[in-house]
Amino acid sequence: IKPAVGGKDILRANYCPVPFMMSTKGYGLFFHTPFATEWNMGWDSSDYYSFKAFGGDLDYYFMYGPDFYTMVDRYTELTGKSPMLPRFAMGLHVGTYSGGTWKNEEMTSDKYPPALCKRLREEGVPFDLLWLDSTWRLFNTTYGNGGCCFEWRNTFKDPKAMFDSCYAQNVKMVGLHIRSILDNGPEYHLLDKAREQGNVLYPGAKIEGVVNFFDPKAVDWWWENGVMKVASIGAKFVKTDVGGTMDLKGLHNIFPLAYAEAPYRKFQEYNNVRGVTHTREGYAGIQRYPYIWAGDWGSEWQWFEPVIRAGLNIGMSGVGNWTHCMGGFEQYSPYDTELYTRWVQFGMFSPIAMVFGMDHPRYHEPWTYGPEALANFIKYDSLRYTLIPYIYSNAYQLYKTARPMMTPLVMDYPQDENTYQLARQYMFGPWMMVCPVTTKGALSQHVYFPGGEWFDYETGERYEGRQYKSFLTPLDVLPVYIKAGAIIPMQPVMQWVDQHPVEMITLDVYPSGISSYEMYEDDGISMDYQKGIGSLTRFTSRLADDSWTFTADKPVGKYKPAKHTYLVKAYLQNAPQSVIENGKSLPVLSSVTDAERNTGWFYDTEHKRLYVKTAGDNRQKIEIVVQ
């Protein structure tokens, strides 16, 4: 497997080449080298493969699985686990050129970002983070738009008021796009000052202004003289661009790690919350400074499916926090609302959800594609926000075991050769199989179901595994299928993460045999999780011939979660005769709405779905017996 992400060529991996491969034979290899590598994976012969580096030692690690998850876990024991992002980072990230992308810089304004936030809130588009891409900066005479002087374009009259206005609209973090190359501005003259300092710029770099991020003293100077100019008035993270400027052979691949680490650690300390760095380039170990972005993929159908494949590869490379531009980044062809709609559906079922584009004047803002596209955006954005407990629980597993949120089917079904080439289907967490439609004008598409039983997420229809089936593909529906046995914790829709206390957790259950799932909770923002201050709540489903039992254990751990009841929604073929909670019969209710509000149960005969609103809460163990 050749891991890759970005640059429209997933084989060349020019943004994040990770020298790590895994085999369905049950082993993995990590080539431990900072030098450029070349892998011949059966190109010359199907009987063998080879790898080499253009410098350094032949130093590699052999990892036995035999399963993929064990191999990725062991690989990240060497290169580092992904730290947990703030819980609000599981929400939507929005990027903006502030009204003027390349060659339209004079149209930027410090009024644009707050107005964008206001429009998003008015339209009911849930989001949590915002960043201003490159045109906030003053471009200079030395390196033009390629350098970073940390000075504002003159169209930004009051940047602090801009930040304050965004935060007043419940944006959790606002960040800025920067570059690794210093430049002079009319006020700070950072490049000249770095030259005078003598130890800030990297000696021998192809471009003189490159900061020496390998030197802690240089990082301190860069932070204090550059980044603090914007952090002190409201910037809470940065998007690090141009991480491939180091042309020295032994440093080119690892420079992006040092570059991403510097603002990650500095902002984490300054903000006193978990760090966030949005970066483009990476190498083995970049997962320690999340998250990585797929780069400048074109807004064309031909690039849609390769982006999915790139995300699967990067996840198998230990980089679980990964994202891309919904709709692509650069608009080469006429605006394609269908492509945007389909890409948004995939984007909301990506590890990090991000909307951003450089096409002027749309910038991929959802209302610019029409009311149907906006409705689709809100539908799947809102669905993502209801899935935050599920997504956040998997983020904890990523931190503990390196299990990616987005995985190819081969990771769960390595003995099924039908899964080996599937790049258009993937698992989103352990229970949800997502099948984006990647063909323009598709009226139908086929889906492969691995072994076991599956449910259509929209209709609840059941399908047996080990078969292909063809389905109609209406534009407003993303094909999602649920693995039998699933237990998916959900919360109410919110406009931003933690907008309201979660008084009721909904558990979407698909009973089959015996299955379980652990929901993770903590304060969502501090570093206490690294001290083990969190809690796990185990849910267990047991389906027998004549009864179904569902158990919600008390939370276990050093963190005490907020108090909440449960609404259990379960697909059951037959209507119950009775529903008992902790030995007491629950009353029969009249409707789904009634069950969402009052203790008791209701069975939807048409959709074969049982709704149970518990009397108890998570301060006690709850056992529901359905007969």
Closest approach of [X] and [Y], non-hydrogen atoms and distance?
X      : Y      : value
Leu257 : Ala284 : CD2-O, 3.2 Å
Pro306 : Trp297 : CB-CZ3, 3.6 Å
Pro404 : Thr407 : O-CG2, 3.6 Å
Ser317 : Asn313 : OG-O, 2.8 Å
Pro17  : Asn253 : CG-OD1, 4.0 Å

Tell me if a side-chain donor or acceptor on [X] pairs with a main-chain N or O of [Y] at a distance below 3.5 Å.
X      : Y      : answer
Arg274 : Ser526 : yes
Asn104 : Met107 : no
Arg121 : Phe127 : yes
Gln169 : Pro114 : yes
Ser98  : Thr108 : no
Arg384 : Met348 : yes
Arg424 : Ile308 : no
Ser180 : Val242 : yes
Ser299 : Gly327 : yes
Asn321 : Pro290 : no

Does the side chain to side chain contact (heavy atoms under 4.5 Å, CB included) test come out yes or no for Phe163 and Leu176, once each step is laid out?
CA-CA 11 Å; Phe163 282 116; Leu176 298 173; 4.2 Å; yes
Are [X] and [Y] packed together at the side-chain level, in the sense that at least one heavy-atom pair is separated by less than 4.5 angstrom?
X      : Y      : result
Asn212 : Asp215 : yes
His93  : Thr323 : no
Phe346 : Leu478 : no
Met432 : Met427 : no
Phe139 : Cys149 : no
Thr279 : Ile286 : yes
Glu365 : Leu116 : yes
Pro113 : Leu132 : yes

Stepwise, does the ring pair (Phe, Tyr, Trp, His ring centres under 6.0 Å) test hold for Phe356 with Tyr97?
CA-CA 9 Å; Phe356 175 57; Tyr97 278 103; 5.2 Å; yes
Given salt bridge (Lys or Arg N to Asp or Glu O under 4.0 Å), test Glu151 with Arg137 step by step and report yes or no.
CA-CA 6 Å; Glu151 294 189 37; Arg137 301 191 323 270; over 6 Å; no
How would you list all residue pairs meeting side-chain hydrogen bond (donor to acceptor under 3.5 Å, both in side chains) that involve residues 182-194, not counting sequence neighbours?
Thr142-Asp183, Asn184-Asp192, Asp192-Arg195
Under 6.0 Å between ring centres: does that hold for [X] and [Y]?
X      : Y      : answer
Phe377 : Trp367 : no
Phe329 : His364 : no
Tyr363 : His360 : yes
Phe267 : Phe237 : no
Trp343 : Phe304 : yes
Trp39  : Phe20  : no

N-O pairing of [X] and [Y] below 4.0 Å:
X      : Y      : answer
Glu305 : Arg309 : yes
Glu105 : Arg153 : no
Arg87  : Asp523 : no

Exercise: do [X] and [Y] side chains pair donor with acceptor under 3.5 Å:
X      : Y      : answer
Asp522 : Tyr392 : yes
Asp336 : Trp301 : yes
Gln287 : Thr79  : yes
Asp128 : Tyr385 : yes

Straight-line distance of [X] [atom1] to [Y] [atom2], nearest 0.5 Å:
X      : Y      : atom1 : atom2 : answer
Met84  : Ile525 : CE    : CD1   : 12.5 Å
Cys117 : Tyr112 : SG    : OH    : 11.0 Å
Ile181 : Asn145 : CD1   : CG    : 10.0 Å

Carefully, step by step, assess Ser134 and Trp102 under the rule side chain to side chain contact (heavy atoms under 4.5 Å, CB included).
CA-CA 9 Å; Ser134 49; Trp102 306 111; 3.3 Å; yes
side-chain hydrogen bond (donor to acceptor under 3.5 Å, both in side chains) between Asn170 and Gln495, intermediate numbers included
CA-CA 9 Å; Asn170 297 292; Gln495 290 301 296; over 6 Å; no
Is the number of heavy atoms from other residues, nucleotides or ligands within 6.0 Å of [atom1] ([X]) greater than 12?
X      : atom1 : result
Lys400 : NZ    : no
Lys379 : NZ    : yes
Gln499 : CD    : yes

Might you work through the side chain to side chain contact (heavy atoms under 4.5 Å, CB included) test for Leu129 and Leu92, ending with a clear yes or no?
CA-CA 7 Å; Leu129 291 94; Leu92 180 65; over 6 Å; no
Quiz item: cation-pi between Lys236 and Tyr167, 6.0 Å / 45°
yes
Do Arg362 and Tyr340 form a cation-pi contact, if we require the NZ or CZ to be under 6.0 Å from the six-membered ring centre and within 45 degrees of the ring's axis?
no
Between [X] and [Y], what is the ring plane arrangement, given parallel below 30°, perpendicular above 60°, and tilted in between?
X      : Y      : value
Tyr202 : Phe214 : perpendicular
His278 : Trp131 : perpendicular
Trp322 : His324 : tilted

Listed pairs under 3.5 Å, donor-acceptor, residues 223-235 side chains, sequence neighbours left out:
from   : atom 1 : to     : atom 2 : distance (Å)
Asn225 : ND2    : Trp221 : O      : 2.9
Ser232 : OG     : Met228 : O      : 2.7

Going through the distances and angles, do Glu338 and Arg342 end up as a salt bridge (Lys or Arg N to Asp or Glu O under 4.0 Å)?
CA-CA 6 Å; Glu338 182 187 359; Arg342 290 301 191 190; 5.1 Å; no
